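A quick write-up on the structure given underneath.
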Amino acid sequence: MIRWGLCCRFLDAPIKYRSATHRYVATLTRAARRDYLAAIAAHNAAALVDSVRHCHALGIGAFRINSQFLPLGTHPVSGYTLDRLDRDGAIRRTFLEAGRIARETDVRLSFHPDQFVVLNSEREAVVESSLGELEFQAAIAELIGADVIVLHGGGAAGGIGAALARLAQAVDRLSDRARARLALENDDRLFTPEDLLPLCERLGLPLVYDVHHHRCKGDGLAVAEATARAAATWRGREPHFHISSPREGWRGGDPRPHADYVEPADLPREWRTMDITVDVEAKAKERAVLALMQSLAGRRHKRAG
DNA sequence: GCATGTCAAGTTGTG
DNA sequence: CACAACTTGACATGC
């Protein structure tokens, strides 16, 4: 049975996440800045509660949290700790509430830091800020019970081998809290499943297998092989995969940009009978998740009848 | 109200 | 060498 996942936001439901820019908050006084960022954090925490509830109501079993969930949290100037923002503990309580509801309704939560988090950069300052961001997200993940923080391999300077070695070194610098949640994902330009699997297997890191990326940047592995080996890296935990379809089709121009919806034919056959989480990366958001769910249910129904 | 220009961060590949 | 692509909106501001 597939647990379907929604990425970051809703198209139809009136649930919105707020964000902030450093340029603006820098114009505020210290106190005003704290109030402003605290209001956003409180708003987003409440939005997470709503998101979990609404996913559950729709039959969606997983939700990916936006990387700007607590905006500017690790910014060198505007950054903050949750404790400093959350004087009376109300935000923390809302996080715990979101976590409780997620647990009770069995909605799996995950994080996916954006492209600025590069654990294997050749620049130590970049590695440090990346570690800081992962620790920041891991602390929230712990509060709300999110078990996965998905990260790409990063840059490939010096070749894939050297880059993977740097990646392993950086992973070793993470706290247990962050490391226990970290998972790697194959991307569509640099790191294939075949590149990442040996590292994942050696370090005990799960691989989030993105089959669309794999089809854009292939390797020696067939989809079925990559699926099986990626699933094994989860070591008994429910595997977490990604699906999407190319905006302009597979034979058009660049296959990488995501389409509004997912073509059911793009879902690997072997996934359909597995107990896995599959995040649907599609512009039409919950509409796309529901459409895919219904399409597969209809197909199964037809075949059975 | 609505349109507009802008937004912390890295890396790669193209023009 | 400069810039777009990742993602794509949400923000404050100015009309």
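For clarity, every value in this text was computed on a predicted model and none was experimentally measured. Quick note on labels: first sequence line is chain A, next is B, and so on, each numbered from 1.
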Determine the interatomic distance between P on C/dA5 and the same-named atom on C/dG9; round to the nearest Å. 14 Å

Can you find a side-chain donor-acceptor pair between A/D188 and A/H212 that sits under 3.5 Å? no

Would the A/H213 and A/H152 ring centres measure less than 6.0 Å apart? yes

B/dG10 and C/dA10: how far apart are their C1' atoms, nearest whole angstrom? 22 Å

Is A/I91 close to A/L82 at the side-chain level, that is, under 4.5 Å between some pair of heavy atoms? yes

Assign A/L72 to base, sugar-phosphate, or nothing according to its heavy-atom contacts below 4.0 angstrom with the strands shown. base

Let me know the distance between OH of A/Y17 and P of C/dT7, rounded to the nearest Å. 20 Å

Identify whether any heavy atom of A/R18 sits under 4.0 Å from a base atom; if not, whether one sits that close to sugar-phosphate; answer base, sugar-phosphate or nothing. sugar-phosphate

Give a yes/no answer on whether the side chain of A/R123 brings an N or O atom under 4.0 Å of OP1 or OP2 in B/dG10. yes

For DNA chain C, whose closest nucleotide is more 5', that of A/Q115 or that of A/K16? A/Q115

Output the single nucleotide from C/dT7, B/dG10, B/dT12 whose closest atom is nearest the side chain of A/A156. B/dT12

In whole angstroms, how far is the C1' atom of C/dG9 from the CD1 atom of A/I15? 16 Å

Output one line per pair: protein atom, nucleotide atom from nucleotides 3-7 of chain B, and distance, for all N/O pairs under 3.5 Å.
{"residue": "B/dC7", "atom": "OP1", "partner": "A/R23", "partner atom": "NE", "Å": "2.8"}
{"residue": "B/dC7", "atom": "OP1", "partner": "A/R23", "partner atom": "NH2", "Å": "2.2"}

So, is A/S121 near the phosphate of B/dT11, with a side-chain N or O under 4.0 Å from OP1 or OP2? yes

Nearest-Å distance, CG (A/N120) to P (B/dG10)? 14 Å

I'd like the P distance from B/dG5 over to C/dA4, given in whole Å. 15 Å

Touch class at under 4.0 angstrom, heavy-atom based, for A/S129 against every strand present: nothing

Quick test of the criterion, 5.5 Å between centres and less than 30° between planes. Is A/F116 stacked on B/dG10 or not? no

Distance from A/L109 atom CG to A/C55 atom SG, nearest 0.5 Å? 8.5 Å

Does CG in A/D254 sit with more than 12 non-hydrogen atoms of other residues, nucleotides or ligands closer than 6.0 Å? yes

So A/T74, base contact, sugar-phosphate only, or nothing? Heavy-atom distance under 4.0 Å. base

Which pairs count as ring pair (Phe, Tyr, Trp, His ring centres under 6.0 Å) when at least one residue sits in residues 179-203 of chain A, sequence neighbours excluded? none

A/P71 near the nucleic acid: base, sugar-phosphate alone, or nothing, with a heavy-atom cut-off under 4.0 Å? nothing

Can you list the residues that meet the side chain to side chain contact (heavy atoms under 4.5 Å, CB included) rule with A/R84, with sequence neighbours excluded? A/Y80, A/T81

Could you pick out which residue, A/Y24 or A/C7, lies toward the 5' side of DNA chain C when each is mapped onto its nearest nucleotide? A/C7

Pairing residues for A/R287 by the side chain to side chain contact (heavy atoms under 4.5 Å, CB included) criterion, not counting sequence neighbours: A/L11, A/D12, A/Y261, A/A284

Taking the P atom in each of B/dT6 and C/dC3, what is the distance between them to the nearest angstrom? 14 Å

Which heavy atom of A/H112 sits nearest to which heavy atom of A/Q137, and what is that distance? N-OE1, 4.5 Å

Please give, in whole Å, the distance from B/dT11 P to A/L151 CG? 12 Å

N/O donor to acceptor pairs below 3.5 angstrom from side-chain atoms of residues 163-173 of chain A, sequence neighbours left out:
{"residue": "A/R166", "atom": "NE", "partner": "A/N120", "partner atom": "O", "Å": "2.7"}
{"residue": "A/R166", "atom": "NH1", "partner": "A/A157", "partner atom": "O", "Å": "3.1"}
{"residue": "A/R166", "atom": "NH2", "partner": "A/N120", "partner atom": "O", "Å": "3.3"}
{"residue": "A/R166", "atom": "NH2", "partner": "A/A157", "partner atom": "O", "Å": "2.9"}
{"residue": "A/R173", "atom": "NH1", "partner": "A/E124", "partner atom": "OE1", "Å": "3.2"}
{"residue": "A/R173", "atom": "NH1", "partner": "A/E124", "partner atom": "OE2", "Å": "3.4"}
{"residue": "A/R173", "atom": "NH2", "partner": "A/E124", "partner atom": "OE2", "Å": "2.9"}

Expressed as a whole number of angstroms, how long is the span from A/N66:CG to C/dT7:C1'? 10 Å

Gap between atoms CD1 and C1', on A/I40 and C/dA10 respectively (whole Å): 10 Å

Once you round it to whole Å, what is the distance between P of C/dT8 and CG of A/D114? 12 Å

Using the P atoms only, state how far C/dT8 lies from B/dT12, rounded to an integer number of Å. 22 Å

Per the 3.5 Å Watson-Crick/G-U criterion and a run length of at least three, the stems involving DNA chain B are B:1-7 with C:9-15, B:10-15 with C:1-6

Compare the minimum distances between each of C/dC6, B/dT11, C/dT7 and the side chain of A/D254, then state the nucleotide with the smallest one. C/dC6

Given the C1' atoms of B/dT4 and C/dC6, what is the spacing between them in whole Å? 23 Å

Measure up the A/F241 and A/W271 rings against each other and bin them: parallel (under 30°), tilted (30 to 60°), perpendicular (over 60°). tilted

Euclidean distance, atom CG of residue A/L119 to atom P of B/dG10 [Å, nearest integer]: 14 Å

